[in-house]
Each structure stands twice: as C-alpha cells, then as structure tokens.
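Computation of the quantities below employed the complete heavy-atom set of this structure, encompassing side-chain atoms and omitting hydrogens, waters and symmetry-equivalent molecules. Since we're looking at a predicted model, the values are computed, not measured.
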Amino acid sequence: MWLWFHRLASPKHFYRVAERLNPWLGSATLVVLIVGLYWGLVIAPPDYEQGDSYRIIFVHVPAAWMSLFVYAVMAGAGAVTLVWRLKVAEAVMRAAAPLGAWFTFLALVTGSLWGKPMWGTYWVWDARLTSELILLFLYLGFIALQSAMEDRRTAARAGAVLALVGVVNIPIIHYSVEWWATLHQGPTVTKLDAPSISLTMLAPLLVMALGFLLHFATTGLIRARCELLEGEARSGWVRELARRRRT
Amino acid sequence: MPTHPSPSPHHTRATQALLEGLGLTGARGGRTLFEEFGFRLGPGELLQIEGPNGCGKTTLLRILCLLALPEAGEVRWNGMPAEEVRPDYLAQLAFLGHSPGIKADLTPRENLRVAAALGTSPTHGINGVEEALARLGLEAQGDTPVGELSAGQGRRAALARLSVQGARLWILDEPLTALDREAKQRVEALLEGHCGSGGMAILSTHQSMELRDTAVTRIQLGATVRAGEA
Amino acid sequence: MVRAFAAILGRDLVLALRRRGELGNPLVFFVVVVTLFPLALGPAQETLARIAPGILWVAALLAATLAMEALFRSDFEDGSLEQLLLSPHPPALLLLAKVAAHWLATGLPLILISPLLALFVNLPGQALPVLVATLALGTPTLSLVGAIGVALTVGLRRGGLLLALLVLPLYVPVLIFAAGAVDNAAAGLSAAGPIYFLAALLVLAVTLAPPATAASVRISLG
C-alpha cells in the first residue's frame, strides 16, 4: 500500500494512472449526471410550496458542496506540497483551483436564479450566498497569485500557504457572516435549504452530488496531467511521451 | 606560501570537513545550472567559486545558505543535514549577497549593532563594532547614514557586518565588486584573519585574490565541469 | 531572543521616524476616504450617523491594507529580509517584531485620529469608546494577516493590487465584528460579544500568522 502511494507520487506514474482512469471516470460522470438530472427534473415530485422552481437545488446544492470540498482538496494538496514537496500534489492543487472557482460561481448563479422566484430579486445578502461570494474571492486570489509568479514551483508553494491560510479562515468567515446575517436580519429572510427534505428529493440530490464529484475527478485529473506535462516539459518521460505520440 | 590553485578540493582535506555539499543540483526557472556538485570545507579553508556569468554561482551560494532549495543533493554541516540542524548551522553562518543586507537610512554603527544583536553572541558582537569599523577603514563614516556614503564605503559597511556576527562560516557573493585597490586589500586581510583563526569562507569572484597564509581551493562551476567528483 | 526581537523592533521604529514623511500617508488616506462619503451621500446628519460605523471601518481597513504593502519592501530590496531568515533566531519571531513596529507606525495613528473622524460622520458619542476599542483590537489582526499576503507578493513587481485581492477576503471577519460592535454601541446595545470575538481573532492571528508569514517569506526568497 505504502509502495503504491510512493509510486503514485512520481509524476510519470501518476500521469499513466490518471491517463488510464480518465475514460472510465468520464463515462461514469456522464451516466450519473444524466440519471441524476432525469430523476431530479422529471421523476421527482414538485414542491408543495415552491412548485417546480425548487428543482434548481439539484444543481445549486451539489455545486455549493463541491465549492467547499474542492477548497479542502486544494488545502490538503497544499499541505503535501509544503511538507513533502511532491510535484504531483502541486499539480493537483493548481488543477483544482479553477474548477473550485467554477463550482463556486455556479452555486452563486443558481442561488441567485433561485432567489428571483423566492425573494423577487436576483441578489439578497443571504448568509450562505455571501459566504459563497467570499469563497469565490479566495479562489480568485489563489488563481491571481498563481498567474503572477513566474517560477512554477515557487508559485505552487506560495499557493499552498495561501490555500492553508484560506482553509483556516473559511470557518471563521462562515461564522462571522452567519452572525452578521442574524444581526441585520430583515423581515423576509428565508433559508436556502429546506428544513426537511423528503426522500424522493434527497435521492436525486445525492446522485447529482456524486455526478459532480465524478466530474471534478475527471476534469481535475485531465488538468493535473496538463500541469504535469507543462511542469515536467524538460524531463525524460515527457520527451519520450511526445516522441511516441508523434510517431 | 603562494595560493595553490588545486583543481580538486580533496587536496586540502587535511582537516575534518565541517561543511559538505553532496551531489548538489541547482536550477533556475526550470533550467538546470549545475549538476552533481560536491565539495568539502574544513576550518581555516577558503573555497573560491569561479565560472562565467549565469553558471549558477549565486544559486549555489543561496542553496548553501538554505535560502534556496536544491533540485537534488544535500548540504551537510558537521555531518548532519543542514536543514535538520538549521538554527545551529545559521548561528555559524554569515552571508553577504548582491544586496548589502544593511539599511541605507541607518549609519554603519547602527547597522552593525543590529547585526550583532541578531547574531549568536550579542554582547561580544556589540563590543566588536568599533573594531570592525576600524578594520574596514570606516571610523570617520561611522555616524553617517549608509545612503549618503559612496558605493565602495557602503560595500565596506556591509562587509564589516560579517565580523560582528561571530560566525565561523562566511558565504560571500562577489564581495570585491565596487571596491578600490585599498579596500580590496582590507577585505583580503579580513579573510586571512578569519581563516587564520579557524574560520571558513566560500566566495564567488572574478578577481584573483592575494591570500598568503590561507588554503584556497578554486572550483569551476558549470553543468559540463563536474568539479568535486571522484 | 528577546534581544533580537527588541533590536528589530527598535530598528524599524527608528527607520519609520527617519522617513517621517511616509508616516502620514495612511493617515491622510484615512481622512480623505472618510471625507468622500458625506460628499457622495449628502450631509444629512441622520444618514451619516446611521452608516458611520461602516464608513469608519471600511476606510480604516483600506488605509491599513494600503500601508501594508511597504511592510517588507525596503527589506526585500536591500537584503535585510534574507538576513532575517539567516539569523539563528526563529524568523517568525523577528517578523512579528517587524509587524509590531509597522503597526505602531501606521495602525496606532489611525486609532488616535479616529475620534476626530467620528465627529465628521456624526457617530453617536456613546459609540466612540467602542470604535477605539475595535480599532485597537482589529487593526493588529489586519496587520498580522496582511503580513502573510505581503510576504507572498514581496518578490513580485506589481504586487500592490494582488495583495489587496489576497488579503481583503481574509479581512471580512474583522470587518463584520468590528463594524457590528460599533453599530451595536451606536444603537445603545451591548457591544461585548463582537468585541470578544475580535479579541479571539487577535489571539488566533498572533499565534498562527507569524509562522505562515515566515514560511511565505522563505518561499518568496527561494
């Protein structure tokens, strides 16, 4: 087991494993997302209060979950980057950032689209939406730092510190925003999540969450492979790979 | 005894080596500058790194100071990986890089006091401030802000910092730039005094130095010349 | 170790005094930004009083952020920063001394002038002690957290805007609790809760930020 991890830590080996996994993950993503969407949008019953407009949660909630999960992945990879200086961890961290930013963005857009029928306006300073917005800023800061630094390895280690600082801050930000929302509570604040969700709605939601997770794994691995190719462009195995592809 | 330009450091390995470089590989911006570089340095010895611009002299010195990470290889101090004994190693290290490491808004005397306080033996260091100024001929400039001194005087003030830090190992990146003939002689005397009392020095320079009583090893740095192997 | 801390603290304070001209900049910025609000919103006393805590805290936060950029710049340029890393003393401690000196030179003046600005925006009198307390507890946290961002961007040519992008989201909790406390006090409510939170954030920042700053400086110089 340890040996397996050790081998996976080498860029060359990781690249090969990821290359082999990608088609399987990609097909699984497609199947699960189609099943989840059909189940959520067609089979699941309409909500007795919100009618059909609630169905956006099948995108919104998984996207919001993923936005946090991806940040945790980044911070984990960042810790490995700092402690063991593994190039694979650097690649995973950098690959995850834009995906996390997109999930966050998607959660914000779907949240505000949902807000229109519920609150009559596209944007309400709801605690959850505000937290998501600040999370998006954290992602954008990370991406900006990566593109500002020329040396890839320095950039990766700097990004790792930033991701870890961010991960310590996210609970604090979340809590402070909750406190802020209760302080300024208006008359018509409704929570985004239903107090209790029936099984008929929960099941497709979980399927969609799985689909999002698979999607992240697929695109994350593709992006990590690109990162490794770029970072290792001068190394023997990449040259070998390029030579074989050409012939 | 004249300086002996020996091609390999092994000729001077008469004493116990305190500092060792093992298989060091340095890179900058993805480009490998030198590979498998090794050396040993013991008390009283001086190592002169030579090579054309861009061959990685600065990168090597920064790796030895633990400021930069090598792509491969290890720096050893007293037989231990230097990273593991970091505080002990740094306590014995004084570094002068391209930037002087002193503040232009402070006088040489103030700068040296701060440097002494950051060193291992602050009291000893602060008592040595006047002597250090005298050695580099800065008695008259002791209370003028460094920014108002000439480039050469500023450089000398930066060099004076080395002796108040109380370190055994000096790592100097191009210490002779911007120095006139007289100042160069002072630096040579400083190095001789340091190595004569059991200190060690590693420096990069293009100029030839006149050191009479110090064992000098010269190493050519470059990816093609794999000095220190065998 | 105490000696090394004191040496850096003393050195940076002397340097700040020798560059007295730059000391006033964050202060003037603070005053100017606060002045912009009445110009944008109109001089109606009630409106200003209602949003005074927010105005004062946002302006203080921006002034603190702008001042942060210079924290390590001259030390980076003249090599003093690498000398800090080469000292046998823990770099986190020496960097903490630098942050402390920087706060004394840039943060403390903001606190001292805040009563005057509170007058400008018609902050209710009973909220004034709370404003000063939140600034005293909040701005050191901003400096400590900001130092991480400065350390990450110190080697970059145009780090200023990037620095703001990195640290402003991290400043959100301080802003929320500080402005909330002043708001509470202005409304005649107790401000103790958020002030305790600010104190907790400060303790957390003093503990966690210096090692992160040291790691960041090491990465930036590597």
Side-chain angles (χ1 to χ4, degrees), chain B residues 26-28 58-59 61-70 83 85-107 110-123 125-126 145-147 154 157-158 161-162 165-167 169-171 173, chain C residues 1-23 70-98 101-102 105 151 154-157 211 214-222:
Chain B
R28 189 108 203 123
T58 296
T59 304
L61 297 185
R62 293 182 70 83
I63 286 174
L64 294 181
C65 291
L66 309 184
L67 282 173
L69 294 170
E83 282 281 3
V85 291
R86 196 178 176 101
D88 294 334
Y89 176 55
L90 293 181
Q92 295 303 326
L93 174 74
F95 173 63
L96 175 60
H98 285 295
S99 27
I102 55 174
K103 307 297 296 181
D105 284 341
L106 297 183
T107 68
E110 289 166 329
N111 269 308
L112 295 188
R113 290 233 166 100
V114 174
L118 288 182
T120 338
S121 52
T123 324
I126 284 170
V146 171
R161 176 169 61 74
L162 297 171
Q165 281 183 273
L169 173 65
W170 289 2
I171 296 185
D173 198 357
Chain C
M1 213 179 270
V2 177
R3 201 162 181 169
F5 184 89
I8 294 291
L9 187 70
R11 182 195 75 176
D12 278 19
L13 288 176
V14 168
L15 285 170
L17 281 179
R18 297 225 170 132
R19 296 251 168 209
R20 244 168 266 129
E22 289 168 24
L23 270 182
L71 174 59
F72 297 140
R73 197 196 299 121
S74 85
D75 276 18
F76 175 74
E77 283 164 359
D78 65 21
S80 302
L81 199 55
E82 59 191 21
Q83 291 299 329
L84 282 193
L85 287 190
L86 292 174
S87 159
H89 306 290
L93 188 80
L94 303 179
L95 292 168
L96 182 63
K98 281 198 68 65
H102 186 262
V154 70
L156 305 174
R157 249 163 287 151
S216 307
V217 169
R218 198 172 285 169
I219 291 166
S220 281
L221 294 184

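- Atom CZ of B/R86 is surrounded by more than 12 heavy atoms from other residues, nucleotides or ligands within 6.0 Å.
- Note that CG of C/L23 is 13.0 Å distant from CZ of C/R18, once rounded to the nearest 0.5 Å.
- When heavy atoms are compared at a cutoff of 4.5 Å, B/I102 approaches chain C solely by way of its backbone atoms N, CA, C and O.
- For chain C, the nearby part of B/R161 is the side chain; its heavy atoms alone come within less than 4.5 Å.
- In this structure, the portion of C/I8 lying under 4.5 Å from any heavy atom of chain B is its side chain and not its backbone.
- Heavy-atom neighbours of B/R28 CZ from other residues, nucleotides or ligands within 6.0 Å: at or below the threshold of 12.
- A distance of 9.5 Å separates OG in C/S220 from CZ in C/F72, rounded to the nearest 0.5 Å.
- Annotation: maximal heavy-atom pairing with chain C below 4.5 Å, among B/H98, B/E110, B/K103, B/Q165, occurs at B/K103.
- For the residue pair C/V154 and C/F76, the shortest heavy atom distance occurs at CG2-CB, 3.6 Å.
- Residue B/Q92: no heavy atom, backbone or side chain, is found under 4.5 Å from chain C.
- Interface summary for chain B: among C/L15, C/L81, C/D75, C/L85, the most heavy-atom pairs under 4.5 angstrom belong to C/L15.
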